[in-house]
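Report on the structure given below.
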Amino acid sequence: MATIRNTVPATVGGSLPRIDGPLKVSGAAMYTSDHHFPGMLYAVPVCSTIAKGRIASLDSSVAVEMPGIQAVYHQGNIGPLFRSAPASGLSAYLDERRPPLEDDVIRYYGQYVAVVIAQTFEQAVAAASAVKVVYTEEKPDARTHLDPDGKPSVDSSRGTPDEVFASASIKHDETYGTPVETHNPIELHASVAVWDGQSFTLYETSQGVVNHREVLAQMLGVPQENVRVISRFLGSGFGGKLFPWPHSALAAAASRNLNRPVKLVVSRQMMFQNVGHRPRTQQRVRLSATAEGRLTSLQHDYLNHTSILDDYKENCGEATTYLYGTPNLRVTSGLVRRNIGTPTSMRGPGAVPGLFATESAMDELAIKLKMDPVELRLLNEPEKDEGNDLPFSSRHLSECLTIGARKFGWSQRTPEVGSMKKDGLTLGWGMASCSWIAERVSTEATVDLRNDGTARVSCATQDIGTGTYTILAQIVSEKTGLPLDKIEVVLGDTALPPGPISGGSWATASVIPAVSQAAQNAMQVVLTAATKGKNSPFSGQETDALNFENGQVYLKEKGGETGVAFHDILKQSNINAASGSGKSEGTFGSTAPRKYSTHSFGAQFAEVTWQPEIARLRVNRVVTVIDAGRIMNSRPARNQIEGSVVMGVGMALFEKTTYDPRQGAPINSNLADYIVATHADSPEIDVTFLDYPDLVLNEFGARGIGEIGHAGIASAITSAVYHATGVRVRELPVHIEDLLAHT
Amino acid sequence: MDTFAFIKARDVSHAIQAASQSNTAQQGAEVRFVAGGTTLIDLMKLSVERPSQVIDINHLPLDNVEKLPDGRLKIGALVRNFDLAHHEIVQNEYSVLSQALLAGASAQLRNMATTAGNLLQRTRCVYFRNTAMACNKREPGSGCSAIEGDNRTLAILGTSSNCIATNPSDMNVALTALEATIHVQDKNGQRDIPIDDFFVVPGSTPQRENVLEPGDLITHVTLPPSRHGTKYAYLKLRDRASYEFALASAAVVADVVDNKFNRVRIALGGVGTKPWRSREAEQALEGRTVDQSVFREAAVAALSEARPQSENGFKIELAQRCLAHALTLATETA
Ligand SMILES: Cc1cc2nc3c(=O)[nH]c(=O)nc-3n(C[C@H](O)[C@H](O)[C@H](O)COP(=O)(O)OP(=O)(O)OC[C@H]3O[C@@H](n4cnc5c(N)ncnc54)[C@H](O)[C@@H]3O)c2cc1C
Ligand code: SF4
């Protein structure tokens, strides 16, 4: 193969605006629920108003007679909906496996019991409330406190943590809790299903169209090639849209039954019931240390709730095994069933609530040791990943900590509670480490170099608002030398080569090898055309003698002056487009032996202000230093970290889904009562990227930046709250009442 | 489908005549005026309000702010919250009202919301807003879900065993401290109702929130003439920094002479089933020296009758700190 060098200024690593920005700000970007088709009908689900029991009777006789009603589907008349058979890894994956309306048992509040299809949305809403359902009700269990249902399972273990802990003189043993959090992206979940008599086109709010197709094909009982799933733009997902939810099957089944397009938009209230949430976690952390601060043992025993039917595990021990060095460690987990819908991944699943617990415990240990919390972390920096006995591919946590401390001014900190004041306010300073996985999943991509001088790159991954469109254009630009505005990016469609789900912070790392290879192959096709084409100036040359650079083909030995634009070469041979495809394997879930432990790292420093006379707590500033490999595009990357920090303010101080203890209903199921951080709550945020390429993962050395910034932040904030007020909050979120009682 | 007739009132008397066909002007009303619609339309979408007739009053000539010859300030029922908050006279002579309005809702909502609509906004009790739940205010006799349920944000003053819902308005707190008068017109003429008599506590009829009868149109609100040197403050405390209803708020209108409180009016928000005038706090202040210990005494007096629920006991301390600090803010300004 010819050496294809590229000497144009690299777009990878730049600071570029998103190429899809103009579409979004002008309103031209078509989101799922924007789709409209002639004859389209509207579906509105009927939700259970009990959390546990059975449907005794369901009477839709009034509803079906109402104006505009086309059908009311319930158990028995919806037609076949199958369970998606679990496959390995993330193939055909979903969190709520029971198809909607499968039986008459109610297991959580809001479970769909019927769906009304009407000519207008308003008609459907009205008829949905006219469907009369009588339940045999039992007392639901939506309790927050978790007691283990059975024997916990051991996630990881080394040494003899029990004995070491028992005989240790310096130790810490506390339980931490995080509440149910609801993702609440502004864009509601939606499905627009179009059945053409043989196949489905499903417009979905999906962070993973390929998996969505696998699941829906199984649920609907049709071959995969008869299902096409499209998700071009997403009004964010935060993990809530990674996997299909029951409404998607309802819309598709209704479309097939009625032979009409059907739109179903999940309401904000349903978002709290029917499309997952971060589960409640309860985590006991036991630490012991030498007087110098070396960790002698670490035990992390956590529980999370899951639904009655599904086993969703919030992997809180994700980062526990490798973040610090200690010879004795055990992580255990357990599931506790509740009459609540199935939980799902939410930004930084596992590590984010897990690090709240373990990093809070580290802060408390530092206080016991009378040691600076940054020092304690630096002291326990491991040589290797002790959890799986592998070297780290690229770990710079210590540098994150020291740079963060310097930028924050940490050396000015006086450790006594309430000792720091500024402008009449009490200051609190806290910090935490953070970490997140760095993986790749298998990906295919196609690059077409077209005879009008443009390129097209396509892949069935998604841009969930994070900048993936721009990243793909950057990779192609980097490879071919074409400017960004000559590169068309097509994503979010199962008609394209299969790409990664937009989760795990792995989309960027995954697309790099496949897209690079596709671009390389397309350029090779151009070079072949140049040597083979009768009218080509390079006719008869070996491809090895040619270079492709800046969109030009030239003879290596003669240099740039001999350059011919690649599209002229194509035109000369009457070729429309030179097409190359690329394919790369994944690391996530792979059984191939690993040589390295690949993770991202970071340090979070937070300052809160506390005004006891009015019990006012605010997060004033945050310094975040992130070691996430090479940063492909610093603008959207910074944006991801800033967004994560603001979301972390919400996690620490506001967000909590409350279930009515009697009905088991999520009771604050709207954006006025489920409090998220507003702009006024956003601190000043200083983001630094270390930018060390992690070449184990891909040729550019990029890891991922979507979740790491959300890890650790809640613990940095509660540690700062302690420093300001003397109140250690171990149960999130920090409420005014927690602080009032003690100050 | 819940259909309703939508009519545009030709003039004030047409509006009154149309609305007087309703069975009530309270919860369950068949006829409703719509002003900014930010409360009414919201509740109609939730099926909490189900009027069969909606009367649009937006183009009626009730959108003026003017100083009357006797010095009172007349505020039209349809003046938008934004315009009122930024009105020169309000900013200069009744700044507590401006502060309260700007502490409420969001910029977009304030652009739509009107004086009368804000006066009549409904409680944010989550059970009231959810038709699947029992609620005496929405469906008299069905029970109160909040008393043994989620009541962190609800009231501690003026509650009954039937309802503990708060009046969530910020504006109403300032208007109460300013001793506003609500001017209502019906078929028989005009009624002038002091704001403290306008709102009623739930008692055994939580569906009834004020003294309005079918056909009553609020035409305007008046404020007594301002007095030179009156000190004002509105302080609102909540979990997050903006766009949230008050957990506790306090409005202070105080005349101070020789470092002693002369005439003082205090109202609390976020803690009462109506905008809560605190005569106890006023008594504790009038004639006393401007001093932190006096503030604290007044704050304790204001909450002396408070009856906490399972989750909102913290509001007693919070409201006390809120009032004490509002007094600090009011008196430290020149
Ligand atoms: C998300 C959100 C957040 C909010 N946050 C706050 C907050 O922090 N603080 C706060 O104080 N408020 C807040 N509000 C409430 C807001 O202030 C009220 O919705 C608004 O003031 C209502 O005014 P409107 O003109 O839109 O009323 P409408 O919805 O038009 O009317 C409300 C009621 O008043 C009646 N009515 C209107 N005009 C008249 C009249 N002239 N005579 C007789 N009856 C009349 C209507 O029939 C209806 O029953 C918030 C609202 C929302 C939606
Ligand atoms: S407090 Fe009042 S509004 Fe809330 S549920 Fe009880 S009766 Fe209804």
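Everything numeric here is computed off the predicted structure, so don't read it as measured data. We name chains A, B, ... by the order of the sequence lines, and we start the count at 1 in each one.
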Would you compute the distance between atom [atom1] of [X] and atom [atom2] of [Y] and round it to the nearest 0.5 angstrom?
| X | Y | atom1 | atom2 | value |
| --- | --- | --- | --- | --- |
| A:Asp673 | B:Arg129 | CG | CZ | 7.0 Å |
| A:Ile614 | B:Thr328 | CD1 | OG1 | 10.0 Å |
| B:Phe314 | A:Leu739 | CZ | CG | 11.0 Å |

With side chains defined as the heavy atoms from C-beta onward, is the minimum distance between [X] and [Y] less than 4.5 Å?
| X | Y | answer |
| --- | --- | --- |
| B:Ser242 | A:His679 | no |
| A:Glu613 | B:His325 | yes |
| A:Leu740 | B:Arg321 | yes |

Taking everything shown except [X] itself, do over 12 heavy atoms lie less than 6.0 Å from its [atom1]?
| X | atom1 | answer |
| --- | --- | --- |
| A:Tyr135 | OH | yes |
| B:Lys45 | NZ | no |
| B:Arg307 | CZ | no |

Which bit of [X] is near chain B, if near means a heavy-atom gap under 4.5 Å: side chain, backbone, both or neither?
| X | value |
| --- | --- |
| A:Ile667 | both |
| A:Val649 | neither |
| A:Ile69 | neither |

Exercise. Would A:Glu737 and B:Arg152 satisfy salt bridge (Lys or Arg N to Asp or Glu O under 4.0 Å), going step by step from the backbone distance to the final call?
Worked result: CA-CA 10 Å; A:Glu737 45 268 48; B:Arg152 177 176 182 262; 2.6 Å; yes
Please report the shortest heavy-atom distance between [X] and [Y], naming the atom on each side.
| X | Y | result |
| --- | --- | --- |
| B:Arg240 | A:Val676 | NH1-O, 2.6 Å |
| B:Gly149 | A:Arg662 | CA-NH2, 3.3 Å |
| A:Phe654 | B:Asp239 | CE2-O, 3.3 Å |
| B:Ala241 | A:Asp681 | N-OD1, 2.7 Å |

Exercise. By a 4.5 Å heavy-atom criterion (distance strictly below it), what part of B:Lys236 contacts chain A: side chain, backbone, both, or neither?
Worked result: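 B:Lys236 touches chain A through backbone heavy atoms alone.
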Exercise. In terms of heavy-atom proximity below 4.5 Å to chain A, should B:Ser145 be classed as side chain, backbone, both, or neither?
Worked result: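 Answer is both: backbone and side chain atoms of B:Ser145 are under 4.5 Å from chain A.
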For this session: Tell me, out of B:Lys315, B:Glu317, B:Glu148, who's got the most heavy-atom pairs with chain A below 4.5 Å.
Result: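 Heavy-atom pair counts peak at B:Glu148.
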For this session: Just give me the residue among B:Leu247, B:Asn312, B:Asn130, B:Leu318 that pairs up with chain A most often, heavy atom to heavy atom, under 4.5 Å.
Result: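 Highest number of heavy-atom pairs under 4.5 Å: B:Leu318.
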Exercise. Is there a donor-acceptor contact under 3.5 Å linking the side chains of B:Tyr127 and A:Asp660?
Worked result: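 A:Asp660 and B:Tyr127 do have a side-chain donor-acceptor pair below 3.5 Å.
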